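Scroll down for the structure; my scribbles are underneath it.
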Amino acid sequence: MTLNDKPRRSIRIALHQDKGAGRNLERLLLEQGIDPTATSITADVVIADLTSRAPTEINSVASQLREISLDKPLLFLVLPSQLDLPQVKQLAKNETVIISAANERALLAEIAHRTLDTDRASEAAIRLQAISATGLGALPTHHASPEASALLIAPPGPRALDLSSELSLHTSLNTAMSRQQALSALEHGVADRIFILPPQNRRQSAALIKLLRRHSMMSGTPVVVFEEKPNDRHRDYWTRMGADAVVSTSEPALAAAIATQRRRARDAKVSSESLLKHLSFTDHGESSRLCSPKFFDSALALRCRSDMTFCLGSLRLTPHSGETHPQIFTEPAIYVALGCQPADLVTRAAPDTLLISMAGADLHHAKRTMRMISTLVQDLKFGTQTAPITFSAKTHIVQAGPGMQPRDLIRRSLKGLQASKPADVLLA
């Protein structure tokens with residue numbers, strides 16, 4: 001996962017499972033810095049472990065947990081052997097189902113995705129209210145794209161035909177039985193999920209995955225590899241090559257479910273990031289990553305009234321040349337705005353000073369964000385090639401506290417910037 005795929009605060013999990021079950025899961029979450037002891041009210045995500053449940057109990061337990069989870073994202077954890085149960089198939093139609101209890105990477109990715117999705121939805125709601133309050137901007141237009149098919153890449157033979165037939169029961173599928181067919185299909189972007197049954201020489205398939213991961217248009221495409229009897233050595237190898245999961249050839253339903261989850265997570269991430277990028281406006285109502293103070297102040301006031309974690313960062317640019325003309329700060333200010341995440345709202349408090357509202361970021365992660373942004377602007381040369389201008393950047397961060405007023409928040413941030421050194425922090 002990239003930095004944009006990870007929440008910028010500690011994640012809290014409400015874990016519902018039978019006594020004595022899932023101790024390894026608790027340890028996994030703790031090792032990842034995730035608190036699995038939150039209540040359903042305080043949690044970011046609710047996990048329901050159904051791995052020890054009898055088929056007759058699944059529906060009733062799922063109904064109870066839906067009520068307990070309230071409006072929180074709810075993940076069901078089941079075993080591969082439970083996949084064909086009618087009760088689990090019904091859940092999969094309406095809920096997020098983490099298919100395999102052994103697939104730790106999938107579970108962690110889904111937790112991060114659901115937390116990010118909630119945070120982005122909260123920020124989008126704030127900005128939509130700010131649009132109404134200020135009268136700036138309009139909703140971005142969404143153009144739906146046609147549904148793509150999955151692609152199975154396999155050497156010709158009976159195993160490929162059998163696997164293709166079984167996979168087709170769970171997903172729309174095209175099959176490529178030669179390297180040329182596979183490259184042609186990938187070149188035309190006909191696949192949104194890729195399954196690979198490697199030949200005896202696995203290097204060819206590994207090289208194909210590496211190529212996919214380097215290709216910007218398909219770098220996030222889910223890839224699931226089939227092995228006859230997958231073991232830890234297989235999983236380590238294919239994970240290093242860039243595969244999302246390794247699944248037994250006897251479990252095509254599991255492979256289809258994992259690939260579909262990855263695709264949904266990728267599509268939701270792209271959609272939510274794109275929406276936030278366009279929900280930032282100038283005084284003329286035009287979409288811009290560098291928004292007007294009017295829109296920024298309105299969104300900040302709404303954010304201060306919410307209970308979501310966030311920080312306010314400030315950054316001051318100082319040209320090494322000693323120039324003070326306001327025009328020289330325009331280009332680095334745009335670069336700062338482009339370097340921020342879509343959930344960050346950026347405005348200019350003065351020609352040389354930027355304010356950055358970092359939704360969903362705690363103090364630790366806000367410091368990291370500001371350090372990256374200041375490094376970006378200090379490493380670049382602006383102006384013309386014959387007369388380049390370089391800048392130093394001073395930053396300051398204020399963590400928003402309950403009941404804080406937006407004017408006070410901005411005043412503290414700018415006041416702290418006056419005397420701060422790079423990465424100085426004020427706790428509000």
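Bear in mind the structure is a predicted one, so any value in this text is a computation, not a measurement.
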Donor-acceptor pair, distance only, cut-off 3.5 Å: does the side chain of [X] make one with the backbone of [Y]?
{"X": "Ser165", "Y": "Leu161", "value": "no"}
{"X": "Gln82", "Y": "Val78", "value": "no"}
{"X": "Thr42", "Y": "Thr39", "value": "yes"}
{"X": "Arg202", "Y": "Trp238", "value": "no"}
{"X": "Ser149", "Y": "Asn174", "value": "no"}
{"X": "Lys210", "Y": "Gly242", "value": "no"}
{"X": "His234", "Y": "Asn231", "value": "yes"}

Check: [Y] and [X] side chains under 4.5 Å, non-hydrogen atoms:
{"X": "Cys340", "Y": "Ile373", "result": "yes"}
{"X": "Asp49", "Y": "Asp18", "result": "no"}
{"X": "His113", "Y": "Pro73", "result": "no"}
{"X": "Val45", "Y": "Lys72", "result": "no"}
{"X": "Met358", "Y": "Leu312", "result": "no"}
{"X": "Phe281", "Y": "Ile131", "result": "yes"}
{"X": "Glu227", "Y": "Arg235", "result": "no"}
{"X": "Asp236", "Y": "Arg240", "result": "yes"}

Set of side chain to side chain contact (heavy atoms under 4.5 Å, CB included) partners for Glu228, sequence neighbours left out: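 Glu228 satisfies side chain to side chain contact (heavy atoms under 4.5 Å, CB included) with Arg159, Thr249 once adjacent residues are dropped.
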Surrounding CG of Leu169 (heavy atoms of other residues, nucleotides or ligands, distance under 6.0 Å), is the total greater than 12?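 Count over threshold, so yes.
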List for me each residue that meets side chain to side chain donor-acceptor pair (under 3.5 Å) alongside His364, sequence neighbours excluded, and say none if there are none.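 His364 satisfies side chain to side chain donor-acceptor pair (under 3.5 Å) with no residue once adjacent residues are dropped.
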Judged by modelled atom types alone, do [X] and [Y] share a side-chain donor-acceptor pair under 3.5 Å?
{"X": "Thr353", "Y": "Arg316", "value": "yes"}
{"X": "Thr115", "Y": "Thr118", "value": "no"}
{"X": "Arg193", "Y": "Thr171", "value": "yes"}
{"X": "Ser40", "Y": "Ser69", "value": "no"}

Apply side chain to side chain contact (heavy atoms under 4.5 Å, CB included) to residues Ser292 and Leu136 and explain how you reach the verdict. CA-CA 10 Å; Ser292 71; Leu136 296 175; 3.8 Å; yes
Distance-minimising heavy-atom pair for Leu197 and Pro155: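 In this case the closest contact between Leu197 and Pro155 is O-CD, 3.0 Å.
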Please report the shortest heavy-atom distance between Phe329 and Leu317, naming the atom on each side.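 Distance-wise, the nearest heavy atoms are CE2-O, 3.5 Å.
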For a side chain to side chain donor-acceptor pair (under 3.5 Å) check, start with the C-alpha distance between Ser288 and Thr282, then their side-chain angles and the critical distance, and finish with the verdict. CA-CA 6 Å; Ser288 171; Thr282 67; over 6 Å; no
Can you tell me how far the [atom1] atom of [X] sits from the [atom2] atom of [Y], to the nearest 0.5 Å?
{"X": "Leu77", "Y": "His16", "atom1": "CG", "atom2": "NE2", "result": "13.5 Å"}
{"X": "Arg371", "Y": "Arg368", "atom1": "CZ", "atom2": "CZ", "result": "8.0 Å"}
{"X": "Asp35", "Y": "Ile13", "atom1": "CG", "atom2": "CD1", "result": "9.0 Å"}
{"X": "Leu345", "Y": "Arg289", "atom1": "CG", "atom2": "CZ", "result": "8.5 Å"}
{"X": "Leu363", "Y": "Thr309", "atom1": "CG", "atom2": "OG1", "result": "11.0 Å"}
{"X": "Thr390", "Y": "Gln378", "atom1": "OG1", "atom2": "CD", "result": "9.5 Å"}

Please determine whether salt bridge (charged side-chain N to carboxylate O under 4.0 Å, His left out) holds for the pair Arg262 and Glu110, giving the CA-CA distance in whole Å, both sets of side-chain angles, and the decisive distance to 0.1 Å. CA-CA 8 Å; Arg262 290 292 193 284; Glu110 195 69 26; 5.5 Å; no
Any salt bridge linking Asp44 with Arg114? Criterion: basic side-chain nitrogen under 4.0 Å from a carboxylate oxygen.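 Between Arg114 and Asp44 there is no salt bridge, as every charged N stays at least 4.0 Å from the carboxylate O atoms.
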May I ask you to say whether Arg263 pairs ionically with Asp192, meaning some side-chain N is under 4.0 Å from a carboxylate O?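 Judged by the 4.0 Å cut-off on N to carboxylate O distance, Arg263 and Asp192 do form a salt bridge.
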Result block: side-chain N/O donor-acceptor pairs under 3.5 angstrom for residues 58-65, not counting sequence neighbours:
{"residue": "Ser60", "atom": "OG", "partner": "Glu57", "partner atom": "O", "Å": "3.0"}
{"residue": "Ser63", "atom": "OG", "partner": "Asn59", "partner atom": "O", "Å": "3.0"}

Quick one: do Leu152 and Leu163 satisfy side chain to side chain contact (heavy atoms under 4.5 Å, CB included)? Show the steps, please. CA-CA 9 Å; Leu152 171 64; Leu163 191 56; 4.3 Å; yes
Specify whether Tyr335 and Phe382 have parallel, tilted or perpendicular ring planes, treating 30° as the upper limit for parallel and 60° as the lower limit for perpendicular.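 Geometry flag for Phe382 against Tyr335: perpendicular rings.
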Evaluate Leu151 against Ile153 for side chain to side chain contact (heavy atoms under 4.5 Å, CB included), listing each step before the verdict. CA-CA 6 Å; Leu151 175 68; Ile153 301 172; 3.9 Å; yes
With side chain to side chain contact (heavy atoms under 4.5 Å, CB included) as the criterion, how do Phe226 and Ile196 come out once you've worked through the C-alpha distance, each side chain's angles and the decisive distance to 0.1 Å? CA-CA 6 Å; Phe226 285 103; Ile196 295 178; over 6 Å; no
So which of Lys277, Arg8, Arg303 actually passes salt bridge (Lys or Arg N to Asp or Glu O under 4.0 Å) with Asp344?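 For Asp344, the salt bridge (Lys or Arg N to Asp or Glu O under 4.0 Å) check succeeds only for Arg8.
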